[in-house]
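Per chain, numbering begins at 1; letters A, B, ... match sequence-line order.
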Number of protein chains: 2
Amino acid sequence: MVAECSVDYTGRLTAHLPRAPRLLIVKADGSVLVHSDGGSYKPLNWMAPPCTLRVALPEDDGRAQDAEDGDWVEEWTVTHGKTGDTLRVQVHEILSDTSHELGVDPGLIKDGVEAHLQALLADNMDALGDGWSLVRREYPTAIGPVDILARDPEGGCVAIEIKRRGEIDGVEQLTRYVDLLNRDPLLAPVRGVFAAQVIKPQAKTLAGDRGFDCVTLDYDELRGIDDKEARLF
Amino acid sequence: MVAECSVDYTGRLTAHLPRAPRLLIVKADGSVLVHSDGGSYKPLNWMAPPCTLRVALPEDDGRAQDAEDGDWVEEWTVTHGKTGDTLRVQVHEILSDTSHELGVDPGLIKDGVEAHLQALLADNMDALGDGWSLVRREYPTAIGPVDILARDPEGGCVAIEIKRRGEIDGVEQLTRYVDLLNRDPLLAPVRGVFAAQVIKPQAKTLAGDRGFDCVTLDYDELRGIDDKEARLF
DNA sequence: CCCTACATATCGTAC
DNA sequence: GTACGATGTGTAGGG
């Protein structure tokens with residue numbers, strides 16, 4: 001539906017949208033999206049499922065429409081099933097209204113996420129320099145698997161944490177793994193390497209402070225090496 | 001537009017959506033959203049502005065439509081202006097198509113986010129007890145700004161981390177700040193205080209373990225104090 | 001059901 | 001303009 005509307009949200013925060021023409025979407029699960037004609041994919045306001053939508057008409061309503069609310073032709077009240085958050089949409093003028101049953105979507109197929117970076121680096125440890133070798137991917141520990149366990153040219157044990165984007169959380173994660181691995185006398189001393197396509201300055205600072213090396217990975221370059229090797233066989 | 005379509009995205013990753021009925025939205029800035037009839041506000045696929053949309057018809061196209069592509073009535077190619085990411089939408093059957101000019105949206109008014117909590121607490125350090133004073137908000141450090149730096153009644157230095165919802169990562173954040181500040185002989189010893197509207201039990205336990213005090217903030221109460229003070233002047 | 005980790009995040013703000 | 005944290009983050013996977 002395209003309509004002149006005003007919107008109020010009450011929940012984790014309160015928010016208000018003054019009267020203006022907008023796109024209103026009601027999905028099959030009752031969720032509601034309020035979009036403007038610009039910005040990115042995020043709606044101005046919305047209600048996530050599970051939620052229930054109730055539509056009131058002026059004649060249903062005992063109370064007179066006061067000046068503050070203005071004159072509306074429909075008032076939607078959307079209530080979240082668990083949190084009790086509410087979204088109230090007052091529809092002042094309907095510009096267009098269509099409805100379709102779409103059915104369940106077959107879903108999205110993705111390619112090129114963190115798991116692929118890990119596989120590519122494991123296949124091409126040379127990207128870290130000559131003489132590096134893979135011990136194993138997803139090396140198990142009590143607090144979760146280490147992305148890659150490797151040996152440097154001197155034979156020293158190295159834990160590698162891989163991220164698409166290197167931020168502080170990733171350095172903390174690597175810290176926990178290295179602390180734990182260094183308690184194992186068979187592995188210690190274990191160094192840490194933080195590898196990502198982009199590493200934020202704060203993360204680089206913290207990694208340096210913790211004694212970790214940082215490596216910037218180039219996905220396309222790694223893929224190129226991988227393809228070249230594949231063609232040799 | 002509501003239509004049977006298939007979608008391919010190439011950019012940071014590659015993704016594919018098989019043929020199915022979906023909602024296609026084209027905004028005034030040329031951005032495109034592909035929504036299914038369920039899920040939350042996030043589209044299955046999209047292209048963010050700045051981008052350009054080009055629509056091809058079968059008769060425009062020299063090449064024959066092969067079996068893989070299937071028969072389409074429109075093919076949209078959306079290219080991102082900076083990154084070169086592309087979104088290709090093949091429209092197989094149009095179920096509905098409407099167009100409206102909405103104009104610029106007056107925008108969303110929000111209330112109750114972390115910035116407000118920080119401002120309210122900085123204005124009302126008494127909420128922590130008598131004799132507390134503000135040193136400064138957003139006190140800068142090498143790993144990011146500390147929400148509030150304060151002095152307790154005894155003149156001791158205190159770092160305060162404020163969160164809407166107090167969880168473990170907030171305690172970790174405070175830990176990093178306090179560690180760093182304690183290396184500065186002009187400030188040390190620095191205590192830590194974890195302040196939030198709601199503090200999860202896990203976070204409270206971890207904070208206690210790290211030697212931090214926890215404070216629960218009441219947003220409405222702080223706002224009440226603030227309003228009362230404002231009325232005195 | 002809760003917790004964890006990832007994501008084409010987007011958005012505002014301070015520097 | 002860039003960097004950074006916050007978000008009504010959403011979402012998928014595992015215990």
Side-chain angles (χ1 to χ4, degrees), chain A residues 9-15 31 34 38-49 51 78 80 82-87 107-108 110-118 143-145 147 161-170 172-173 176 196-205 219, chain B residues 7-15 31-34 38-49 51 78 80 82-87 107-108 110-118 137-147 161-165 167-170 173 177 200-203:
Chain A
Y9 167 74
T10 307
R12 301 271 190 77
L13 54 71
T14 59
S31 57
V34 181
S40 64
Y41 69 72
K42 196 172 181 176
L44 292 167
N45 228 320
W46 71 96
M47 183 58 70
C51 63
V78 195
H80 193 273
K82 289 181 177 173
T83 63
D85 293 8
T86 58
L87 186 73
L108 185 67
K110 286 187 182 185
D111 176 34
V113 291
E114 184 193 302
H116 295 206
L117 263 184
Q118 193 196 105
I143 54 169
D147 284 342
E161 175 64 33
I162 299 173
K163 286 273 177 279
R164 233 177 21 87
R165 296 171 14 165
E167 298 178 25
I168 278 183
D169 284 355
E172 295 286 13
Q173 199 177 341
R176 292 193 295 271
Q197 286 179 281
V198 183
I199 300 179
K200 295 285 179 74
Q202 284 192 335
K204 200 167 280 188
T205 302
Y219 183 76
Chain B
V7 183
D8 287 279
Y9 167 74
T10 309
R12 301 267 268 274
L13 54 70
T14 59
S31 58
V32 175
L33 287 70
V34 181
S40 67
Y41 67 73
K42 196 171 182 176
L44 292 167
N45 227 319
W46 71 93
M47 182 59 67
C51 63
V78 195
H80 193 274
K82 288 181 178 174
T83 62
D85 292 10
T86 59
L87 187 73
L108 185 67
K110 283 188 179 181
D111 178 32
V113 291
E114 186 194 295
H116 294 173
L117 269 181
Q118 194 197 100
R137 286 169 56 186
E138 302 286 346
Y139 183 88
T141 77
I143 55 167
V146 180
D147 284 342
E161 175 64 34
I162 300 173
K163 285 273 178 277
R164 260 183 339 99
R165 294 184 304 177
E167 298 177 22
I168 277 184
D169 56 353
Q173 197 177 344
Y177 290 140
K200 295 275 181 79
Q202 283 190 333

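For the strand DNA chain C, secondary-structure stems (runs of at least three Watson-Crick or G-U pairs, all distances below 3.5 Å) span C:1-7 with D:9-15, C:9-15 with D:1-7.
Across all strands shown, A/M47 has heavy atoms under 4.0 Å from base atoms, whether or not it also approaches the sugar-phosphate.
Electrostatic pairing of A/R164 and A/E114 does not count as a salt bridge here, judged by no charged N lying under 4.0 Å from a carboxylate O.
Here C/dC15 presents its C1' atom at 16 Å from CZ of B/R137, a figure rounded to the nearest Å. Put simply, NZ on A/K110 is 9 Å from C1' on C/dC6, counting in whole angstrom units. When the P atom of C/dC6 is taken as reference, atom NZ of B/K42 falls 15 Å away, rounded to whole Å. Straight-line distance from the CZ atom of B/R164 to the P atom of D/dT7: 5 Å, rounded to whole Å. The distance between atom OH of B/Y9 and atom P of C/dA9, rounded to the nearest whole Å, is 7 Å. The distance from atom CD1 of A/I168 to atom C1' of C/dA5 is 17 Å, rounded to the nearest whole Å. If you take CG of A/D85 and C1' of D/dG10, they are 15 Å apart, rounded to a whole angstrom. Rounded to whole Å, the distance from OH on A/Y41 to C1' on C/dA9 is 4 Å.
Side-chain atoms of B/Y177 come within 3.5 Å of backbone atoms of B/P145 as a donor-acceptor pair (strictly under, hydrogens ignored). Counting only distance, with no hydrogens or angles, the side chain of A/T14 and the backbone of A/T10 share no donor-acceptor pair below 3.5 Å.
Considering all non-hydrogen atoms of both residues, B/C51 and B/H80 come closest at CB-CA, 3.9 Å. When all heavy atoms of A/I162 and A/Q118 are compared, the pair lying nearest together is CD1-CA, 3.6 Å.
Among the nucleotides D/dG5, C/dA9, D/dG10, the one closest to any side-chain atom of A/R165 is C/dA9. Here the nucleotide nearest the side chain of A/Q173, chosen from C/dA9, D/dA3, C/dA5, is C/dA5. The listed nucleotides are D/dG5, D/dT7, C/dC6; the one nearest the side chain of A/E114 is C/dC6.
Looking only at side-chain heavy atoms (C-beta outward), B/L87 and B/W46 stay at 4.5 Å or farther from each other.
For D/dG8 and C/dA5, the P atoms lie 23 Å apart once the distance is rounded to whole Å.
Residues A/E161 and A/G39 each lie close to DNA chain C; by heavy-atom proximity, the contact nearer the 5' end of the strand is made by A/E161.
For the atom pair NE2 of B/H116 and CG of B/D111, the computed distance is 6.0 Å after rounding to the nearest 0.5 Å.
Distances shorter than 4.0 Å separate none of the side-chain N or O atoms of A/S40 from OP1 or OP2 on C/dA9.
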